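Scroll down for the structure; my scribbles are underneath it.
Values in this document were obtained by computation on a predicted structure and should not be read as measured data. In what follows, every heavy atom counts, from backbone to side chain, and hydrogens, waters and symmetry copies are set aside.
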Amino acid sequence: MQARALAAAAQRIPVVRALEVARRDLKGVADTDHPWLSPFDAAALATESALILRDLDQLDEALAYAEQAVELRETGRARSLALSRITLVDIHVRRRDMDAAVRVGHDLLSTSPTLGSIRVVQQLDVLRRLLEPHRAYRPVREYLVRFDEARRARMLLLADIIPPSPGGTPV
């Protein structure tokens, strides 16, 4: 988290040091198996590294870490996998690779469609705003139709947790 804060402040050299410390600390972290805790593991470090490098606009390196995070999460927690895929789509969009973004986006929508996570829904909203300017590209436009349908289904799962927007029905 320290490296993420440093990346937001564009402090490149301290970011590198903080990531080195995190990699070193990863070796000493005890694995936990509690269902409510997400352990600091190789997948978590890969996700954080992807986000940090994305924030520093080092998109090729960010892409490699995001792909690693998805690969490490594919047999694990559905929520963490969904968040990792959101990061991967985000990076593809920033790299202007809309075909890859849509391909991973379809994988994202297939990631546990019954997952009821407020954080995932919030990140999906951010992702949708990132995709919207590319709507003129047919695959993105078609994906956004499926995306909106999937979002509505997720919102039904969270209806008791998330109050309706005062401005009407959310997209």
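- Counting only distance, with no hydrogens or angles, the side chain of Tyr137 and the backbone of Met98 share no donor-acceptor pair below 3.5 Å.
- The minimum heavy-atom distance linking Arg94 with Leu59 is given by the pair O-CD1, 3.6 Å.
- Of the inter-residue distances, the one linking Leu127 atom CG with Arg151 atom CZ reads 12.0 Å to the nearest 0.5 angstrom.
- Between the side chains of Thr111 and Arg85, a donor-acceptor pair is found at a separation under 3.5 Å.
- For Glu71, the CD atom sits in a loose shell: 12 or fewer heavy atoms of surrounding residues, nucleotides or ligands are nearer than 6.0 Å.
- Residue Ile86 holds its CD1 atom at 12.0 Å from CD1 of Ile91, rounded to the nearest 0.5 Å.
- Using a 4.0 Å cut-off between a side-chain N of Lys or Arg and a carboxylate O of Asp or Glu, Glu142 and Arg138 qualify as a salt bridge.
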Run the side chain to side chain contact (heavy atoms under 4.5 Å, CB included) test on Tyr143 and Leu109 for me, step by step, so that the C-alpha distance in whole Å, both residues' side-chain angles and the decisive distance to 0.1 Å come before the verdict. CA-CA 10 Å; Tyr143 173 72; Leu109 296 182; 3.5 Å; yes
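- In the hydrophobic clustering of this structure, Leu72 does not group with Val104; members are Ile, Leu, Val, Met, Phe, Trp, Tyr whose side-chain heavy atoms approach within less than 4.5 Å, directly or through other members.
- For the residue pair Asp99 and Pro139, the shortest heavy atom distance occurs at OD1-CG, 4.4 Å.
- In this structure, Ala7 and Val15 approach most closely via the heavy-atom pair N-CG2, 3.3 Å.
- Heavy-atom minimum distance, Leu130 versus His134: O-CD2, 3.5 Å.
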Set out, in order, the CA-CA distance, both residues' side-chain angles and the distance that settles side chain to side chain contact (heavy atoms under 4.5 Å, CB included) for Val140 and Val102, then state yes or no. CA-CA 6 Å; Val140 171; Val102 168; 3.9 Å; yes
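- A distance-only check finds no donor-acceptor pair linking the side chain of Arg73 to the backbone of Ser80 [under 3.5 Å].
- The two residues Arg128 and Phe147 have their closest heavy-atom pair at CB-CE2, 3.5 Å.
- One finds the CG atom of Asp90 at 11.0 Å from the CG atom of Leu63 (value rounded to the nearest 0.5 Å).
- The existence of a salt bridge linking Glu132 and Arg135 is confirmed by a sub-4.0 Å separation between a basic side-chain nitrogen and an acidic carboxylate oxygen.
- Of all non-hydrogen atoms in Ala69 and Ala43, the two that sit nearest each other are CB-O, 4.0 Å.
- Two different hydrophobic clusters hold Leu51 and Tyr65 under the rule that ILVMFWY side chains link at heavy-atom gaps under 4.5 Å.
- Taken from CG in Leu124 to CG in Leu131, the straight-line distance is 10.5 Å, to the nearest 0.5 Å.
- Atoms CD and OG, on Glu61 and Ser49 in that order, are 11.5 Å from each other to the nearest 0.5 Å.
- Interatomic distance, His92 NE2 to Arg103 CZ, rounded to the nearest 0.5 Å: 6.0 Å.
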For Val93 and Val89: C-alpha separation, side-chain torsions, deciding distance, then whether side chain to side chain contact (heavy atoms under 4.5 Å, CB included) applies. CA-CA 6 Å; Val93 171; Val89 172; 4.3 Å; yes
